[in-house]
Colleague: 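Let me begin by handing over the structure; questions about it come next.
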Amino acid sequence: MIFSLKILLWYQKNKRNLPWRKTKDPYRIWLSEIILQQTRVAQGLPYYERFIERFPTVRDLANAQENEVLKLWQGLGYYSRARNLHATAKIVVDEYKGEFPKTYKGLLKLKGVGDYTASAIASICFDIPEPVVDGNVYRVLARYYGVDIPINSSKGTRYFKELARKVMNTEQIRDYNQAIMEFGAIQCAPKNPDCTGCPLNDGCLALQQNQIGELPKKINKTKVRNRYFNYLVVVDPKNRTLLQQRKGKGIWQNLWEFPLLESKEDMDVHELERSFNKVLAINETPEIYHFNSENIVHKLSHQHLYTKFWIIKTDTFLKEGVGFNELKDYPVPVLIADFIKTFKI
DNA sequence: AAGGCGGGGGG
DNA sequence: CCCCCAGCCTT
């Protein structure tokens with residue numbers, strides 16, 4: 001039996017029951033694919049349910065405020081996905097009469113939709129024979145066909161897309177694309193895959209050559225940057241605080257946080273007393289103490305954030321202040337959300 | 001071609 | 001602790 005039929009057969013027996021497998025609605029498929037970018041099914045699933053509940057149609061999503069979309073996305077990471085999701089919903093409603101493009105090329109024009117996502121939507125919704133190549137597919141193909149070209153090189157990108165196209169099942173592309181991903185996620189897992197019980201073990205080159213642990217190959221290039229964050233949690237006489245929205249280029253764009261003083265190295269209370277007014281417009285000398293004496297280390301894949309929260313009690317009434325009980329409405333990074341959970345005035 | 005962008009779970 | 005996840009965008 002050929003590769004694609006074995007994959008399809010395995011899928012029939014082993015596929016999980018997932019909500020986006022019950023529909024061909026482009027809106028729902030698109031939403032599920034954006035959520036699942038670089039995200040495990042288990043983590044994305046509750047977000048998908050909440051998005052569908054709150055935004056049953058693309059028009060509902062387009063009519064929302066970005067803050068609400070980001071709030072619903074909070075905790076899922078890669079927030080450009082949420083911003084692009086919202087922007088694309090508006091474009092689909094305003095410029096495409098509420099209908100998603102029905103071709104691979106048309107889909108590719110949407111913000112936040114790249115080669116993988118366009119292929120997924122095209123094949124699942126419109127039966128277009130375009131192969132998906134995600135992390136799972138890279139792994140399955142690299143192992144089964146014994147390919148040691150790095151998957152994150154430009155040569156690898158081209159090679160695996162071509163290979164995927166060559167071995168796909170065009171008649172059942174909708175099931176096949178989901179099948180090979182599901183196979184990679186469950187049977188051909190990244191670590192300690194169950195090769196003994198695998199229905200494709202007889203033809204698997206990596207298994208024959210004892211290369212399961214070495215494939216797929218990847219060029220490692222993650223460099224971690226250390227940063228020191230001092231969050232200034234102002235408390236005024238009416239128990240209000242200051243919150244601001246992150247703008248510009250870096251992490252957490254358009255999410256909210258307390259006024260931030262970033263430093264080259266760890267700061268103590270004396271340094272903070274000297275420099276807090278670079279960020280805050282407070283005239284008197286407030287009472288300042290730290291919430292955590294040891295840095296809270298928040299680890300992103302590419303940055304380690306050594307963080308202190310400073311409580312600043314001021315006599316000044318904050319005109320733009322936000323009540324602590326209103327913080328729950330603002331989309332914030334997990335780092336801030338964790339602080340809010342544990343901080344009691 | 002390379003770098004930036006989150007957060008969580010598993011081994 | 002390291003790796004990887006239904007990737008995409010900018011430079």
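Because the structure is predicted, anything quoted here is derived from the model rather than measured. Residue numbering restarts at 1 for every chain, and letters A, B, ... go by the order of the sequence lines.
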Colleague: Could you run down nucleotides 2-7 of chain B 5' to 3' and tag each one B, S or - for protein heavy-atom contact under 4.0 Å?
Modeller: ---BBB
Colleague: Is there a side-chain contact between A:Asn136 and the phosphate of C:dA6, meaning an N or O under 4.0 Å from OP1 or OP2?
Modeller: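 Yes, A:Asn136 has a side-chain N/O under 4.0 Å of OP1/OP2 on C:dA6.
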Colleague: Expressed in whole Å, how much space separates the P atoms belonging to C:dC8 and B:dG8?
Modeller: 22 Å
Colleague: A:Phe309 vs A:Phe258 aromatic rings, parallel, tilted or perpendicular, using cut-offs 30° and 60°?
Modeller: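 Correct class here is perpendicular.
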Colleague: So A:Tyr231 and A:Phe229, would you call those rings parallel, tilted or perpendicular, with 30° and 60° as cut-offs?
Modeller: perpendicular
Colleague: Anything below 3.5 Å on both distances counts as a pair; with that, list the stems of at least three consecutive Watson-Crick or G-U pairs involving DNA chain B.
Modeller: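 Output for stems: B:1-5 with C:7-11, B:7-11 with C:1-5.
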Colleague: Provide the closest heavy-atom pair for A:Tyr47 versus A:Ile35 in the form atom of the first, atom of the second, distance.
Modeller: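 Smallest interatomic distance, heavy atoms only, reads C-CD1, 4.1 Å.
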Colleague: Would you measure the distance from the P atom in B:dG6 across to the matching atom in C:dT10 and give it in whole Å?
Modeller: 14 Å
Colleague: Taking atom CH2 of A:Trp73 and atom CZ of A:Phe51, what is their separation to the nearest 0.5 Å?
Modeller: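 The CZ atom of A:Phe51 is 5.5 Å from CH2 of A:Trp73, to the nearest 0.5 Å.
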Colleague: Which ones in residues 115-132 of chain A lie close to DNA chain B, meaning a heavy atom under 4.0 Å from one of its atoms?
Modeller: none
Colleague: Please tell me which of A:Arg21 and A:Leu108 maps to the more 5' nucleotide of DNA chain C, matching each residue to the nucleotide holding its nearest heavy atom.
Modeller: A:Arg21
Colleague: Heavy atoms only: give me the nearest A:Ile124-A:Glu33 pair and the separation to one decimal.
Modeller: CD1-OE2, 3.9 Å
